[in-house]
2 protein chains.
Amino acid sequence: MKNKAAPHITVAIDCIVFGFDGSDLKLLLVKRGFNPEMNKWSLMGGFVNEDESVDDASTRILNKLTGLHGVYLEQLHTFGAVKRDTTERTISIAYFALIDIAKYKQQLSHDYHAEWFPIKNVPSLIFDHDAMVEEAKKRLQYKAALHPIVFELLPEKFTLPQIQSMYDAIYEVNFDKRNFSRKLLSTGLLIKLNEKDKAGSKKGAFYYMLDKEKYNENLYKIFSLIITPDHLQFL
Amino acid sequence: MKNKAAPHITVAIDCIVFGFDGSDLKLLLVKRGFNPEMNKWSLMGGFVNEDESVDDASTRILNKLTGLHGVYLEQLHTFGAVKRDTTERTISIAYFALIDIAKYKQQLSHDYHAEWFPIKNVPSLIFDHDAMVEEAKKRLQYKAALHPIVFELLPEKFTLPQIQSMYDAIYEVNFDKRNFSRKLLSTGLLIKLNEKDKAGSKKGAFYYMLDKEKYNENLYKIFSLIITPDHLQFL
DNA sequence: GCAAAAGTGTTTCAGTTACACCCATGA
DNA sequence: TCATGGGTGTAACTGAAACACTTTTGC
């Protein structure tokens, strides 16, 4: 029962940072600069201080890596196997973040040897970080099926082909572009701009932007946009 | 960065235990037997030991309260505000459990002054336990919409009216019984028995049981049984 | 003029909802 | 015999899926 002996344990944060660059979904990793497991790839992590909440700790640690403020960050799961960290008993609270890679690029933090890896081609990571990434991918699928959080991954202006390739990457499928665009536009969340992105094709694709007001109205609502049961298997 | 100073923090577990008794959804609470907040209602909690995983700790703590083994238990969220515990900086990993009240009754643990409260009528709890319960209710709605975990709440034999009142309680609505039973039976997960429960009515309601094989086959599958978007709002 | 990607409509089908009456029984 | 809860069927509608051709333009 409580207030008997209360063991004290090291509590860490690890951040799974997803990014989208307009065509690929990527994961941000850092090269570990100290032992053990020096020079292996890992998630960005740090310890929870005694005078900060765990949410504050995750924000602080993510900011240290990316320099960004206001990033979408959500607690994922707490990993607490006894020997998950080989040096000392540590439990880790994993958070996942969604960011627009372009926004971040200017301030890429060389201090941490941070690098983006395509989600389909992530190296193996230290400790139980692989499991954290797997869990985060599932959560992203889960969450994005019901909530419009994916806009966190996009720049202010984006094209329909871009947003579709993002969904395709998240769910590892290819949606039918006719059904996809109809369904997406029917949410009324998008505003079509009079401007085209000519980078991806000769014809060019119209830019859209999020209708922020409607977005905020609908944030609490279900966004049953995409998913057929198959894509949610194993969640 | 890691392996600088690593503060050590007290790590607790709190269990949100949902139970169903055939007509009502309930929450199991204990009366706190020590200060501070002595005699107030709280979730069942305890500390994580240095030599056990957090999952093991949650199982141990739940077992201490209920005497039960093999209870459905799932990690919910880690609560880590600095002053959430008034005595000492403590982070708490909340777990939620689903149990069949009848199964548990025999071994009700008087040691902890444990008591079932109807979910609609839960007293206010210590620390941030109210928030934990709210979070758990949402998670249960979320999860039960897509996974057949609710059978964890039911005895081996149950009637359609019973299972429906469970869903009604979870989602705080009243489903149409014709649509409900059709949809439920169409999953093929239920076996109708040649036996009636005469407790609830004069006519009596047929017992059903879970087809365990199909259940296990389908555990990984989506169980898109019930939910219309409205019920998932705010998740 | 052709290659490459963008954009658009219709039909079919399945699943969901709404809805009302009869049945069995104990008191 | 009547009050109570259990059990069942149909019609209308809505949303999802499948599917192929035309448009634009840089080369």
Side-chain angles (χ1 to χ4, degrees), chain A residues 22-24 145-146 154 157-169 171 173-209 221-233, chain B residues 22-24 145-146 154 157-169 171 173-209 218 221-232:
Chain A
S23 54
D24 288 307
L146 300 172
L154 292 168
K157 298 188 298 186
F158 49 84
T159 67
L160 293 184
Q162 277 169 10
I163 192 171
Q164 182 174 351
S165 51
M166 188 183 63
Y167 274 98
D168 284 352
Y171 294 103
V173 290
N174 289 301
F175 294 108
D176 180 283
K177 64 178 173 174
R178 293 162 290 193
N179 293 335
F180 183 87
S181 71
R182 178 166 357 101
K183 211 167 168 181
L184 188 60
L185 294 173
S186 77
T187 62
L189 288 176
L190 299 191
I191 300 167
K192 188 176 188 171
L193 303 181
N194 254 333
E195 194 186 346
K196 280 188 167 186
D197 168 32
K198 312 279 281 188
S201 72
K202 294 159 187 172
K203 184 177 179 183
F206 279 105
Y207 278 119
Y208 286 79
M209 55 181 282
K221 280 215 193 128
I222 288 307
F223 186 68
S224 177
L225 179 60
I226 291 298
I227 308 313
T228 65
D230 278 359
H231 307 121
L232 282 175
Q233 275 191 348
Chain B
S23 55
D24 288 307
L146 300 172
L154 292 168
K157 297 187 298 186
F158 50 84
T159 67
L160 293 184
Q162 277 169 10
I163 193 171
Q164 181 173 351
S165 50
M166 187 184 63
Y167 274 98
D168 284 352
Y171 294 103
V173 291
N174 288 301
F175 294 108
D176 181 285
K177 64 178 174 176
R178 293 163 290 194
N179 294 335
F180 182 87
S181 71
R182 177 162 1 101
K183 211 167 170 182
L184 188 59
L185 294 173
S186 78
T187 62
L189 288 176
L190 298 191
I191 301 167
K192 188 175 189 171
L193 303 182
N194 254 332
E195 193 186 347
K196 280 187 165 183
D197 167 33
K198 312 278 281 187
S201 72
K202 294 160 186 172
K203 184 178 179 181
F206 279 105
Y207 278 120
Y208 286 78
M209 56 181 283
N218 289 320
K221 279 215 192 127
I222 288 306
F223 185 67
S224 175
L225 179 59
I226 291 298
I227 308 314
T228 66
D230 278 0
H231 307 119
L232 283 175

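Here the structure is a predicted model, which means the values were calculated and not measured. Below, chain A is the first sequence line, B the second, and so on; all start at residue 1.
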Out of C:dT8, C:dG7, C:dA20, which has the shortest distance to the side chain of B:K177?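 In terms of side-chain proximity for B:K177, the closest of C:dT8, C:dG7, C:dA20 is C:dA20.
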
Would you indicate which nucleotide in C:dT8, C:dG7, C:dA24 comes nearest to any side-chain atom of A:A205?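 Of C:dT8, C:dG7, C:dA24, C:dG7 is nearest to the side chain of A:A205.
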
In whole Å, what is the span from the [atom1] atom of [X] to the [atom2] atom of [N]?
X: B:F175; N: D:dT8; atom1: CZ; atom2: P; value: 20 Å
X: A:K203; N: D:dT25; atom1: NZ; atom2: P; value: 8 Å
X: A:D197; N: D:dT25; atom1: CG; atom2: C1'; value: 14 Å
X: A:L185; N: C:dG9; atom1: CG; atom2: P; value: 12 Å
X: A:L160; N: C:dT8; atom1: CG; atom2: P; value: 8 Å
X: B:D176; N: C:dC21; atom1: CG; atom2: P; value: 15 Å
X: B:N174; N: C:dA18; atom1: CG; atom2: C1'; value: 15 Å
X: A:K192; N: C:dG7; atom1: NZ; atom2: P; value: 7 Å

Side-chain N or O of B:K183 closer than 4.0 Å to phosphate OP1/OP2 of C:dG15: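 No, B:K183 has no side-chain N/O under 4.0 Å of OP1/OP2 on C:dG15.
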
Any B:K202 side-chain N or O less than 4.0 Å from OP1/OP2 of D:dA3: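 Checking D:dA3 against B:K202, no side-chain N or O comes under 4.0 Å of OP1 or OP2.
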
Check this for me: does the side-chain of A:R182 come within 3.5 Å of the base of C:dG9 through a donor and an acceptor?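 Side chain to base: pair present.
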
Mark yes or no for a side-chain to base donor-acceptor pair under 3.5 Å between A:R178 and D:dA18, with no hydrogen or angle criteria applied.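 Per atom types, no contact qualifies.
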
May I ask you to decide if B:L185's main-chain N or O and B:Y208's side chain share a donor-acceptor pair within less than 3.5 Å?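 The answer is no, because no donor-acceptor pair under 3.5 Å joins these two groups.
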
For B:K196 and B:T159, indicate whether the former's side chain and the latter's backbone hold a donor-acceptor pair under 3.5 Å.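 Not confirmed, B:K196 side chain does not pair with B:T159 backbone.
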
Going by the angle between their ring planes, with limits at 30° and 60°, are B:Y167 and B:Y171 parallel, tilted or perpendicular?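 Judged by the thresholds at 30° and 60°, the geometry between B:Y167 and B:Y171 is parallel.
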
Verdict with reasoning, B:F180 to B:I163, per side chain to side chain contact (heavy atoms under 4.5 Å, CB included): CA-CA 10 Å; B:F180 182 87; B:I163 193 171; 3.9 Å; yes

Could you check whether any side-chain heavy atom of B:D168 comes within less than 4.5 Å of a side-chain heavy atom of B:F175, counting everything from C-beta outward?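 Answer yes - side chains close enough.
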
Start at the 5' end of DNA chain D and walk down; is the nucleotide closest to A:N179 or to A:K198 reached first?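 Looking at DNA chain D, the more 5' nearest nucleotide goes with A:N179.
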
